[in-house]
Q: 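One structure, as structure tokens, below. Some questions next.
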Amino acid sequence: MHFFAKVAAAFLAIGLAPAALADTWHRADTHHFRIYSDGSKSDLEDFAREVEKFDALLRMLFKRPVVDQPTKLDIYMVSSANQVENLHGSENVAGFYRPSVEGSFAVSNREQTRNKFSLSGKETLFHEYAHHFFFNNFSIPAPAWFVEGFAEFVATAEFKKNDEWYFGKPAHHRAGEIEYFGAIDVRDLLTKPASEIEGGARNAFYGWSWILTHMLYSKEREHGDQLGRYLGLINSGIDPLIAAEQAFGDLDKLDSQMRSYPKQRMTYSKSSSPLKYRDAIEIVSLDDAASKLVELEMEVLSPASLLEARDELADLATHDAALAQTHYLLGLAEYRLANGEGRDGDETASSDTTAALASFEKALELDPDHPHANVYSAIMEVDRLSEAGDYENEGWDQARQKMLLANKADPLDPFPLYHFARSFDRQGKRSEYTGISYEAAFAMAPEAVEARVAYAHHLANEGNFEEAIGLVRFLANDPHRGAYGKAVLERFENMRDRGSASQSDGIEDVIEDAEEGLDADADAEQ
């Protein structure tokens, strides 16, 4: 996703006035992460070690091995929560996470707070990474309360330089909502997402999800053993309430215990045993040109800043020394605006992708191997041929050659593999490479809704309905995409009951909804 190897050394050659110079950004490359920050180099190194330790803690807790070549998560660390709000376009957002086959990323802030009742930037990032870790390491269709409760439970982890570490500390930032909005009946919490809980109590969904998770991980509740049994029962298809009764016992008693738990002194875990983690960390200071492109890339990828980023990139692209990455990002901004993202009432926006294609082609003139410029150029050719109903045109194979070129440039990138497979589906042709490519893309980015749904549909086409349903059942309980997930699950269950998959199922619309982010917005932590 990031291509700064050919950044020009002299930033003024691009023609920017001094006022437009970016802050200096640094990049930390670790085993699991690529972290960008415009703060100090030493602070970034400390933070990079902490997030790797956090990953190691989660792997130790859940006995998950380290993969030698993981798909790295991109993290952008900005100076304040206000900057996060501007990028997301919403108030009271401290960070957000956007899973995508194109490249998942998280945005958080470096603010530290002395008020324990305020959410820190680090807690925000840990919460978001807990979601990413869960998606990448589990196939159990966990209920919404546990997805959020688990993220809150581990988000308060702390790592000291003397190798001490803590986890399970109280989430004091949830105290206000628990006290102000009152309790949620445990049966509602166990079975409903926040959007379906009536009254003001829905605003305390995060808080009570954390309370129940913390309580079930306590010593008195067998350190999470009951939770393990509960999730296993759900995964076997047992009704959530019946599963809860079998794992936790009397639900009236559980409700009473949950309501009284916040009034008790909460325990947490502490250890001085060093966590084993991949500690190789490389810190690179980016020059002015690369720093500016990091800022603009972050803005192009974020929900609320497309128009401003497009205009600034358009200005940069007019200079003779403009980089391939500049033209690529301009193409990406134009493409997203043409497809309805980030318009914010802009009456000049249209569905015309001519400007986007011109920018992608210019990027490829400067860097023929640019992976994502190749993929987007191919996507736009596939779009053109599909809309024209021209399914025998040699342009299909030419588009796929660009996708294969992108795959060769970065074999660990799921984006070209996903669209290579999609091109056969959109052309209405069967290929031995379709399933292989979908499976590989999903394995690299299981958090990406579009990769999951497309691979599930391929499995259904092959008659593997139960495996397909298992993949999409995971989405039905997602706190942020539950309505979409339930609709997708119903479609796949209908396919199974009918014994076949067909275009009449409208699955292309379902996949396109996932690609466009409909009912699948970024997880925003408030």
Side-chain angles (χ1 to χ4, degrees), residues 71 98-104 135-136 139 141 339 371-372 375-376 378-383 385-387 391 396 399-400 402-404 406-407 411-476 478 480-481 483-496 500-521:
T71 302
R98 186 173 289 274
S100 169
V101 73
E102 186 175 354
S104 299
F135 274 115
N136 276 265
S139 58
N339 282 279
H372 283 204
V375 175
Y376 269 105
I379 290 171
M380 296 181 73
E381 177 65 5
V382 167
D383 287 344
L385 294 170
S386 180
E387 290 169 6
Y391 297 110
W396 290 92
R400 283 192 275 268
K402 288 188 175 183
M403 296 171 187
L404 291 174
N407 173 248
L412 296 179
D413 186 351
F415 193 48
L417 286 170
Y418 169 78
H419 281 286
F420 179 75
R422 285 279 289 134
S423 71
F424 290 105
D425 282 347
R426 296 186 67 185
Q427 192 181 9
K429 290 194 173 184
R430 296 182 68 85
S431 168
E432 61 182 306
Y433 301 112
T434 304
I436 296 171
S437 300
Y438 273 142
E439 183 177 13
F442 173 68
M444 293 175 187
E447 75 277 12
V449 177
E450 65 271 39
R452 181 179 292 269
V453 174
Y455 180 44
H457 185 242
H458 171 77
L459 291 171
N461 272 323
E462 297 294 311
N464 299 323
F465 294 106
E466 292 306 324
E467 187 176 355
I469 288 171
L471 289 178
V472 298
R473 185 179 287 124
F474 195 88
L475 299 175
D478 190 298
H480 301 275
R481 303 163 187 85
Y484 171 84
K486 289 175 182 176
V488 175
L489 178 60
E490 183 178 358
R491 289 183 188 238
F492 278 92
E493 289 174 338
N494 289 337
M495 293 179 198
R496 177 196 59 193
S500 66
S502 69
Q503 292 299 321
S504 63
D505 294 304
I507 199 66
E508 282 298 308
D509 292 337
V510 168
I511 296 173
E512 288 174 8
D513 283 354
E515 290 176 345
E516 294 171 5
L518 299 181
D519 206 356
D521 194 14

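Predicted model only: the values in this text are computed from it and were never measured. All residue numbers refer to positions in the sequence shown, counting from 1.
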Q: I need the minimum non-hydrogen distance between Ala454 and Tyr438, along with the two atoms involved.
A: CB-CE2, 3.5 Å

Q: What distance separates Glu466 CD from Leu471 CG, expressed to the nearest 0.5 Å?
A: 11.5 Å

Q: Do the side chain of Ser437 and the main chain of Tyr433 share a donor and acceptor less than 3.5 angstrom apart?
A: yes

Q: Check whether Asn494 reaches the backbone of Glu490 with its side chain - one donor and one acceptor, N or O, closer than 3.5 Å.
A: yes

Q: Is a side-chain donor or acceptor of Ser386 paired with a backbone partner of Asp383 at a separation under 3.5 angstrom?
A: no

Q: Quick check: closest heavy atoms across Ala476 and Lys486, and the distance to 0.1 Å?
A: O-CE, 3.7 Å

Q: What heavy-atom pair brings Ser100 and Glu450 nearest, and what distance separates the two atoms?
A: OG-OE2, 3.5 Å

Q: From Leu417 CG over to Phe442 CZ, what is the distance, rounded to the nearest 0.5 angstrom?
A: 14.5 Å

Q: Could you give the distance from CZ (Arg426) to OH (Tyr391), rounded to the nearest 0.5 Å?
A: 8.5 Å

Q: Verify side-chain contact (heavy atoms from CB on, under 4.5 Å) between Val449 and Val488, making sure each step is shown before the conclusion.
A: CA-CA 11 Å; Val449 177; Val488 175; over 6 Å; no

Q: For the CE atom of Met403 and the CD atom of Glu381, what is their distance to the nearest 0.5 Å?
A: 9.5 Å

Q: Does any part of the side chain of Gln427, heavy atoms only, come nearer than 4.5 Å to the side chain of Leu385, both counted from C-beta?
A: no

Q: Just by modelled atom types, is the Leu489 backbone N or O under 3.5 Å from a matching donor or acceptor in the Arg473 side chain?
A: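 A pair under 3.5 Å: no.
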
Q: Do the side chain of Thr71 and the main chain of Met444 share a donor and acceptor less than 3.5 angstrom apart?
A: yes

Q: Run the salt-bridge test on Arg430 and Glu462 with the 4.0 Å N-O cut-off and return the result as yes or no.
A: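 Salt bridge: yes.
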
Q: Testing the basics here: between Phe415 and Val375, what is the closest heavy-atom pair and its distance to 0.1 Å?
A: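 In terms of heavy atoms, the two residues are closest at CE2-CG1, 3.3 Å.
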
Q: Assess the side chains of Asp425 and His458: does a donor N or O sit below 3.5 Å from an acceptor N or O?
A: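 No, because no side-chain N or O of Asp425 sits under 3.5 Å from a partner of the opposite role on His458.
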
Q: Is there a side-chain contact (heavy atoms from CB on, under 4.5 Å) between Tyr376 and His419? Walk through the geometry before answering.
A: CA-CA 9 Å; Tyr376 269 105; His419 281 286; over 6 Å; no

Q: Of all the heavy-atom pairs spanning His457 and Met495, show the shortest one and how long it is.
A: CD2-CE, 3.8 Å

Q: Which heavy atom of Ala451 sits nearest to which heavy atom of Val101, and what is that distance?
A: CB-CG2, 4.2 Å

Q: Cation-pi check for Phe424 against Arg400: NZ or CZ below 6.0 Å from the six-membered ring centre and within 45 degrees of the axis, yes or no?
A: yes

Q: Taking the ring centre of each residue, are Phe474 and Phe135 less than 6.0 Å apart?
A: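 Close enough - the centres of the two rings lie under 6.0 Å apart.
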
